[in-house]
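Each chain gets a letter, A, B and so on, in the order its sequence line appears, and its residues count up from 1.
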Amino acid sequence: MSPQEMYALALALSAAFAAGLMGCFALMKKMTLAGDVMSHIALPGLGLALLWNIQPVIGAIVSLGIGAVLIWKIEQKTDLPTETTIGVMFSAALAIGALVTPSEDIITALFGGANPVSLQTLLLYVALSALVVIFLWVERNRLVLSLFNADLAIVTGVNVSRLNLMYLIAFASTLILGLRFLGALLVGALIIVPAAVSRQFTHTLPNFLAGSALVSLLSVSIGYALASAFGLQTGPTVIALAASVFFLSLFKKKK
Amino acid sequence: MNAFLSVQDLSVSFGKLRVINNVSFELNRGESLAIIGPNGSGKTVLLKTLLGLTEHAGSFFWSPDARLGYVPQKIDADRHLPINLQNLLEAKASIQHLKRADILSTVKTVGLPQETLRTPIGHLSGGQFQKALIAFALLGNPNVILFDEPTASLDELSEEHIYELLNELRRERGLTVILVSHDLSIVPEMADKILCLNKSTVCFGPPEEALTEEVFAKLYSEPHKVFHHPSEHHHRHHA
C-alpha cells in the first residue's frame, strides 16, 4: 500500500468516526434522510469541481450553500411545505449533477472511490472531522436536552435556535467528509446505518455513541479490506457491509 | 412586602388571535398558585410566558433571587430517546455546572430508588417519569417550581404521591409553586391561591373566596372560542 493509499484509508476512517457520532444525533432528531437530500444537493458542485479540476470539497461546499439559500428563498416566496421544496431541489440537483459531471467521473461522484490522496488533503479532512467530533462531544448534553423537550432546554439555559444552526453546519460538514469516498448516493448511509445498528443494542447515550462510532469504523476498515481483496468498489462494499450488520442486529432481542 | 411574582396587564397573541388578555396578579414567596380553566383557556401559554418562552405585551417581574424550575407536561417530552435517567439529569448538571452528588440527593428527594438512574426513560412508569421530571426541575435548587398538569394521565395513587411530594417540598424548602391544571381536584390539595383563567382572569384569590358557584359556572359552562394555532389555521386555509 502506497502512502497516498494509506492516507485515503485514514481519511475514510476519520470521516467514519465523525459520521458514526453524527448519526446518533441525526437518528434522535429524526432527520436521517436529510443526509441523502443534502448530499444530492452537493452533487452539481462536485461535478463542476471535477470538470474544472479543482478540489471537489470546495465545489460541494458551494453547492450545499447555494442549495440551502434557494430552499430558504423558495419557502419565503411560496406556501409550499419544506419537504416539497427539498424534494424538488434534490431531484433537480441530481439531474444537474449528472449533466455537468464528466462521464468518466460520474460513478465516482455518485458512489465514491478509494483514490489516493495527498497528505495535505488528509490533514484537511482530519481537521474537519476533529471539529465535528469536538462539537458533538462538547454539545452532547445540550443536544440531548433540546431533543427531550426544547422548552425545558431553554429554561435550563440552552440557546436552542443557535444550537440547531450549529448542528446543521456540523451535519453538512460530515456529509462533505464522506462524499469523497462514498459519493453522493451513499454518504447518507454512513450516517444512518451505524447509528441504527447501535440503537438496537443500547438505551444509554455513551453506549449509543460508542457503538455507532465502532460500527462505522469497522464497516469502513473491513469494507476497504474486502474491496481491495476482491477488486470491488469501496463505497458500495462499505455500505453493503454496514447494512448487513444492521439486518443481523434485528435478530438481537432488546432488553 | 414585595411580591415574589408580579404580573401586570399581561397579554399574549399568536398572530391576530389573543390567547391571554390583560391578566394581572401577584404571588408572595412560598405561596402555591393553581391556574385552572378549561382546555384552550391559555393556562399553559401563561406558564410558558412566565418562564420567558413566549413573546408578550404587558409585564411580569420575578423577585431578583428567583430561581425557576420547570416541569413540562409529560406528553411533551420525547421518551423514545436512547438515554437513561442518569443521562438526562447529567445533561442538566453539566450545563449548569452542578455536582454529581446533587443528582443522587435530588433523586432521593423525589422518592425514586437510586437504581432508577440506570433505567431508560422510556421504561419508567407514568408516576416514576413524573417524579423524574420533578427531580430534573429540582436539580440546581430552584426556589420556585412551575408545573404543567402535574397529575395528567396518572392513576389516583400516583396523583396522591405527587401531591404529597409537592407539599413536602413546600414545607421543607419553602418552595413557591405555580401549577397549571384543568383538574379542579388539585385546588383543595395544593392551592393557597387560585387563578381562574379563560383567556382573561375570571377569578383570583384564596380558593374558598374566589371559587364561588357563580365563578365556576362562568369558567366551565360558558362556551369559549376554540384556540387554533396560527400554523393550523394556515393549513386549513389552504386546504
Asp78(B)/Lys29(A) salt bridge by N-O under 4.0 Å criterion: no
State whether the side chain of Ser216(A) and the backbone N or O of Ser212(A) hold a donor-acceptor pair below 3.5 Å, judged by distance alone. no
Apply ring pair (Phe, Tyr, Trp, His ring centres under 6.0 Å) to Phe25(B) and list each qualifying residue two or more places apart in sequence or on a separate chain. Phe204(B)
Options Asp151(A), Leu147(A), Leu27(A), ranked by heavy-atom pairs under 4.5 Å with chain B, top entry: Asp151(A)
For Ile121(B), is it the side chain, the backbone, both or neither that has a heavy atom under 4.5 Å from a heavy atom of chain A? side chain
Max heavy-atom pair count under 4.5 Å with chain A, selected residue of Asn84(B), Leu68(B), Ile95(B): Ile95(B)
Tell me which of these, Gly140(B), Pro72(B), Ala93(B), has more heavy-atom pairs under 4.5 Å with chain A than the rest. Pro72(B)
Top residue by heavy-atom pair count (under 4.5 Å) with chain B, among Val144(A), Val158(A), Leu152(A), Asn207(A)? Leu152(A)
Honestly, the part of Leu81(B) sitting under 4.5 Å from a heavy atom of chain A is both
Using the six-membered ring wherever Trp is involved, compare the ring planes of Phe148(A) and Phe129(B) and label them parallel, tilted or perpendicular (cut-offs 30° and 60°). perpendicular
Classify the side-chain pair Ser41(B)/Asn198(B) by whether it contains a donor and acceptor separated by less than 3.5 Å. no
Interface residue of largest heavy-atom contact number with chain A, from Pro82(B), Ala137(B), Gly69(B), Gly52(B), under 4.5 Å: Pro82(B)
Atom CE of Met166(A) with >12 non-hydrogen neighbours under 6.0 angstrom: no
